[in-house]
Amino acid sequence: MNAPMESFEQRWTSSPEGFRVPYEVFTDRAYYDKEQEKIFRGETWSFVGLEAELPNKGDFKATAIGDTPVIVTRDQVGQIRVFKNRCAHRGALLVREPRGNVKSFDCVYHQWSFDLTGALRGVPMRRGVRGQGGMPPEFDMANFGLDALRVESLNGVIFASFSSTVEPLLDYLGEEVVDTIQRIFNRPIRIMGDQRQYVHGNWKLYAENTRDPYHGSLLHLFHNTFGLYRATQAGVSHMDASKRHSILKVVATATPASESENKEVYKDVRSYNTDFHLQDPSILAGRKEFDDGSTLIINAIFPNLLLQQIANTLAVRQSVTYAPDAFEIVWTLFGYADDDEEMQMIRMKQSNLIGPAGLISMEDGEAVEIVQEAVVRDGKKTSLLAMGGGRAENVEHMITEAPIIGFWENYCRYLGITQVRVA
Amino acid sequence: MSQAVTAAHASAIEALHTAYLAALDKGDMAAWAATFASNEASYFCISAENDRRGLPLALMYDDCRGRIDDRVSFVTKVWAGTYQPYRTRHFIQQLSMNVAGANQYRATSGFMIMMTPEGGATTILTSGEYRDLIDIQGEGDQCRAVFRERRTVYDADVLPRYIVFPF
């Protein structure tokens, strides 16, 4: 058991070789608790759902921001609301189903009833029974509504915040992330379903993984083998101005790499076998659906969201934390409401690419877990982020770890960790 | 009109279930693929949550024989060395069997999969239900059963780890 950190005065030192992250950040409960306070319940906007998941008045879903349970619902006038999933009476979980439709939220414990705006509407035996009991005269139902969060949506993507002072959502996201969301959510979507996966690792290892263009063609051999993504392709590794979020994008190019160039780049790689052929290549026979020609966009949005387009798979991945060494990934795949039958079939076939058993995502779960297993001790030892120069700078290629450094610089800012770079 | 299942067919179907479990418990992906019809077959693995909600998204969506064969190659060739090996034990119990056509049956079975990672303790991976369309090929005592379609509906709302092998 680690001793609690007093006042949390931490100092991280980086070297000229690159940015250094102490391993204890992935294992120490003190970091985890501080993250809940300063990040998930602090000056941030967290993803909580898609409006398409709540088409009707009274629809709700239960989810969590960090590890705080919340309810997302659409009220009687169609407005999206987010509350802590906790009865204002004795603190019981109000909603236990993952989703449903209700007229009111009724606590099972003493049947206190809240309307869809979170206002307390009913307290059984409030005036007593046969003149006995009842609530004291000072009791005012108006003081016992559900704890409401701030809510903002962008093109049907719902974010919520515990903070009353965080900047408006659009400012928080920044122009390039807003463009990315608006590009994908350009018209009504159709939800295809969810996948849920428990990962035996720290949530920040996944935040790193999804900001890491370097691993794309090395860990994910499917990419490489079938040419979905290779480092020889043109791409960009961008961050928003605050460097919290990242946008990794493969862009269409007029001059694709030659076979000999690919062979040279991957000559040290354990498997680069372009002779392998699919029995049913239709999994890769997608359709161009964006004018810009990009076929791969990985947009990590601080702190808990990943928005992706890989070929014709469109998805959001939400991280829900449980403990320093445990989190859950909730994948929600979608297409567009106006997809024709063939397009729906293309998306279904390509859904094999992602999710807990995905041909290019299964290994991310493994990558997180093998780091977690190895860093359980030696907390002051550090990992190295150096590929691409070791600084959080936007670059017009994908041979970099820069967006991960952007994540950690913000992490330090949120938690009040001092960063020192030794020359 | 309900029809009786002949003893030969019942025994062929039991052998098919056994072959399927034995293949996965040995990690023999080629033997897994061999339990499906060779011309036209499909394998779907979907969460009970999506199934209940009427949503199509699957964990594995092998809608043709070619993709079943490709899954064998993904696990044995493309992914080789990437994942931490784990062993499984499958247990099933047949719940229903009905005649679907000439030499064809619809069957459902409950299943449970135990999982043991290399160097780890044994835990439950998930339970669930197999919903099968089974073809009988050949006649009499020489007959053999194959899956025309196997739809695996797994119970776990949250899978306990990343998944490599079919259920």
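As the structure is a prediction and not an experimental result, all values here were calculated from the model. Proteins come first, then strands; the chains are lettered A, B, ... in the order of their sequence lines, and each starts at number 1.
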Please tell me if the side chains of [X] and [Y] come closer than 4.5 Å, counting only heavy atoms from C-beta onward.
{"X": "A:Gln350", "Y": "A:Met348", "result": "no"}
{"X": "A:Leu205", "Y": "A:Gln372", "result": "yes"}
{"X": "B:Phe147", "Y": "B:His17", "result": "yes"}
{"X": "B:Tyr105", "Y": "B:Val99", "result": "yes"}
{"X": "A:Thr321", "Y": "A:Phe40", "result": "yes"}
{"X": "A:Arg211", "Y": "A:Leu306", "result": "no"}
{"X": "B:Ile92", "Y": "B:Leu21", "result": "yes"}
{"X": "A:Trp331", "Y": "A:Arg196", "result": "no"}

*Under 4.5 Å, heavy atom to heavy atom, which residues of residues 37-74 of chain B contact chain A?*
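At a heavy-atom separation under 4.5 Å, chain A is reached by B:Ser47, B:Glu49, B:Asn50, B:Arg53, B:Leu55, B:Pro56, B:Leu57, B:Ala58, B:Leu59, B:Met60, B:Tyr61, B:Asp62, B:Asp63, B:Cys64, B:Gly66, B:Arg67, B:Asp69, B:Asp70, B:Arg71, B:Ser73, B:Phe74.
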
*asked:* Taking 4.5 Å as the heavy-atom cut-off, does anything in residues 149-167 of chain B contact chain A, and if so which residues?
replied: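 Those residues of residues 149-167 of chain B which have a heavy atom under 4.5 Å from chain A are B:Tyr154, B:Asp157, B:Val158, B:Leu159, B:Pro160, B:Arg161, B:Tyr162, B:Ile163, B:Val164.
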
Is it the side chain or the backbone of [X] that comes within 4.5 Å of chain B heavy atoms, both, or neither?
{"X": "A:Glu369", "result": "side chain"}
{"X": "A:Glu328", "result": "side chain"}
{"X": "A:Arg347", "result": "neither"}
{"X": "A:Ile329", "result": "neither"}

_Please identify which of these residues, A:Asp67, A:Thr27, A:Asp325, A:Asn202, meets the side-chain hydrogen bond (donor to acceptor under 3.5 Å, both in side chains) condition with A:Tyr32._
A:Asp67

*For the pair A:Arg190 (side chain) and A:Ala337 (backbone), establish whether a donor and an acceptor sit closer than 3.5 Å, ignoring hydrogens and angles.*
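Answer holds: yes.
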
*Under 3.5 Å donor-acceptor, A:Asn304 side chain and A:Gln318 backbone*: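 Absent.
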
State, without any angle test, whether [X] and [Y] hold a side-chain donor-acceptor pair at a distance under 3.5 Å.
{"X": "B:Asp135", "Y": "B:Gln104", "result": "yes"}
{"X": "A:Asp194", "Y": "A:Thr332", "result": "yes"}
{"X": "B:Thr108", "Y": "B:Tyr130", "result": "no"}

_Residues in residues 307-315 of chain A that sit under 4.5 Å from chain B, counting heavy atoms only_ = none

*asked:* Taking 4.5 Å as the heavy-atom cut-off, does anything in residues 357-367 of chain A contact chain B, and if so which residues?
replied: A:Ala357, A:Gly358, A:Leu359, A:Met362, A:Glu363, A:Gly365, A:Glu366

*Apply the side-chain contact (heavy atoms from CB on, under 4.5 Å) test between B:Met114 and each candidate in B:Leu125, B:Thr123, B:Ile124; give the one that qualifies.*
B:Ile124

*Taking the inter-plane angle between the rings of B:Trp32 and B:Phe36 on a 0 to 90° scale, is it parallel (under 30°), tilted (30 to 60°) or perpendicular (over 60°)?*
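Perpendicular.
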
*For this output row, return yes or no: ring centroids of B:Phe111 and B:Phe91 closer than 6.0 angstrom.*
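When the ring centroids of B:Phe111 and B:Phe91 are compared, they turn out to be at least 6.0 Å apart.
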
*Minimum heavy-atom separation for A:Pro356 to A:Gln195, with atom names?*
CD-CB, 3.6 Å

